[in-house]
Engineer: 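I'd like to ask you about the structure that follows.
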Number of protein chains: 2
Amino acid sequence: MVRKRPYVCGIDAALDVVGGKWKVLILWALSTGTKRFGEVKRELPGVSVKVLTEQLRELEADEIVTRHEYDETVPRVEYSLTEFGRSLNEALGPLGAWGARHRARIESLRANA
Amino acid sequence: MVRKRPYVCGIDAALDVVGGKWKVLILWALSTGTKRFGEVKRELPGVSVKVLTEQLRELEADEIVTRHEYDETVPRVEYSLTEFGRSLNEALGPLGAWGARHRARIESLRANA
DNA sequence: CCGGATCCCGTCCGATACTG
DNA sequence: CAGTATCGGACGGGATCCGG
């Protein structure tokens with residue numbers, strides 16, 4: 001997700017932040033509130049620990065999520081959206097609505113291919 | 001861009017359509033009207049002919065763009081958005097605005113990394 | 001429980017050369 | 001002009017093992 005060329009337009013820049021395979025889903029999972037690592041993982045069927053960790057760290061570097069590590073005997077890490085992350089999530093709203101509305105159509109196109 | 005798992009949410013489905021490296025930029029280029037292959041290519045600095053062709057074909061299969069081939073002595077192919085494609089483009093509007101608004105911030109985060 | 005480290009593989013993508 | 005064909009490299013991402 002490191003861009004070598006200058007951004008052509010705003011969407012270009014936005015997708016550089018949210019372009020990872022699981023990032024929008026992480027955003028989506030965290031939109032309902034703070035969650036522990038394991039909780040996030042459970043909401044993303046199929047993601048590996050390594051990749052989830054990587055993408056969370058990248059989102060953290062982009063100031064989209066914050067990471068809170070609790071120093072207890074039982075390891076516990078919580079993630080939540082920043083204000084910046086919430087604004088990104090709102091900007092994704094219409095796209096999500098579009099996808100939800102046309103989901104069946106997309107799936108049927110995929111099926112015929 | 002062929003999905004093996006079921007879509008988790010609408011954004012998931014939308015990104016399956018628009019997830020290619022250059023697809024949103026193609027959408028963006030075609031949003032101002034019909035364009036020839038070479039014109040589209042000129043607006044996407046760095047894209048290779050092969051990849052541009054591939055992504056245009058995928059968008060065509062997803063009914064996002066239409067392809068019009070003219071049978072003239074000089075080869076000429078024009079691409080334009082479908083109604084479906086225009087609706088997708090509108091859904092991308094807020095995300096583009098978000099990216100444009102925070103573009104400088106994103107770039108500076110990238111620079112420090 | 002939450003990762004870090006390592007290995008490995010598929011695919012995505014770019015460069016080049018060639019064609020109608 | 002608008003592609004097709006082929007090759008090679010880079011990168012994303014999964015599996016597994018190990019550590020605090």
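FYI, side chains are in, hydrogens and waters are out, and symmetry mates aren't considered; it's all heavy atoms of this structure. First the proteins, then the strands, lettered A, B, ... as listed; each starts at 1.
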Engineer: Heavy-atom distance under 4.5 Å between the side chains of B:Asp62 and B:Phe84, does that happen here?
Structural biologist: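 Contact flag for B:Asp62/B:Phe84 side chains = no.
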Engineer: Quickly work out the B:Arg76 CZ to D:dG3 P distance and round it to whole Å.
Structural biologist: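 Result: 13 Å.
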Engineer: Of the residues in residues 36-45 of chain A, which ones touch DNA chain C at a heavy-atom distance under 4.0 Å?
Structural biologist: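 Within this stretch, A:Arg36, A:Phe37, A:Gly38 sit under 4.0 Å of the strand.
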Engineer: Quick check: do B:Ile26 and B:Leu44 have side-chain heavy atoms less than 4.5 Å from each other?
Structural biologist: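 The answer is yes, as the side chains (C-beta and beyond) meet within the 4.5 Å cut-off.
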Engineer: Between the opening five pairs and the closing five pairs of the helix from C:dC1-D:dG20 to C:dG20-D:dC1, how far apart are the helix axes, to 10°?
Structural biologist: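 Roughly 40°, once rounded to the nearest ten degrees.
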Engineer: Could you list the residues that satisfy side chain to side chain contact (heavy atoms under 4.5 Å, CB included) with B:Arg67, not counting sequence neighbours?
Structural biologist: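 Scan of B:Arg67 (side chain to side chain contact (heavy atoms under 4.5 Å, CB included), adjacent residues dropped) gives B:Arg57, B:Glu60, B:Glu69, B:Val77, B:Tyr79.
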Engineer: Under a 4.0 Å N-O cut-off, is there an ion pair linking A:Glu39 with A:Arg42?
Structural biologist: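 Between A:Arg42 and A:Glu39 there is no salt bridge, as every charged N stays at least 4.0 Å from the carboxylate O atoms.
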Engineer: Give the table of side-chain donor-acceptor pairs shorter than 3.5 Å for residues 89-105 of chain A, with sequence neighbours excluded, one pair per line with atom names and distance.
Structural biologist:
unit_1: A:Trp98; atom_1: NE1; unit_2: B:Ser87; atom_2: OG; d: 2.9
unit_1: A:Arg103; atom_1: NH2; unit_2: B:Tyr7; atom_2: O; d: 3.1
unit_1: A:Arg105; atom_1: NE; unit_2: B:Glu63; atom_2: OE1; d: 3.2
unit_1: A:Arg105; atom_1: NH2; unit_2: B:Glu63; atom_2: OE1; d: 2.5

Engineer: Please report, rounded to the nearest Å, how far the C1' atom of C:dC2 is from the CG atom of A:Leu56.
Structural biologist: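 Atom-to-atom, A:Leu56 to C:dC2, this comes out as 11 Å.
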Engineer: Rounded to the nearest Å, what distance is computed from the CD atom of residue A:Glu54 to the C1' atom of nucleotide C:dC7?
Structural biologist: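 From A:Glu54 CD to C:dC7 C1': 14 Å.
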Engineer: If you measure from the Lys or Arg side-chain nitrogens to the Asp or Glu carboxylate oxygens, is any gap between B:Arg86 and B:Glu83 under 4.0 Å?
Structural biologist: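 Between B:Glu83 and B:Arg86 there is a salt bridge, with a charged N closer than 4.0 Å to a carboxylate O.
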Engineer: Any chance you could list the contact pattern along nucleotides 14-20 of chain D? Use B for base contacts, S for sugar-phosphate-only contacts and - for none, protein heavy atoms under 4.0 Å, 5' to 3'.
Structural biologist: BB----B
Engineer: Quick check: do B:Lys23 and B:Ile64 have side-chain heavy atoms less than 4.5 Å from each other?
Structural biologist: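 A side-chain contact is absent here, since even the closest heavy-atom pair is not under 4.5 Å.
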Engineer: For DNA chain C, determine which residues of residues 61-71 of chain A have any heavy atom closer than 4.0 angstrom to one of its atoms, and list them numerically.
Structural biologist: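 Nucleic-acid contacts, sorted: A:Arg67.
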Engineer: Does B:Gln55 have a side-chain nitrogen or oxygen under 4.0 Å from the phosphate oxygens OP1 or OP2 of C:dC12?
Structural biologist: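 For C:dC12, OP1/OP2 do not have a side-chain N/O of B:Gln55 under 4.0 Å.
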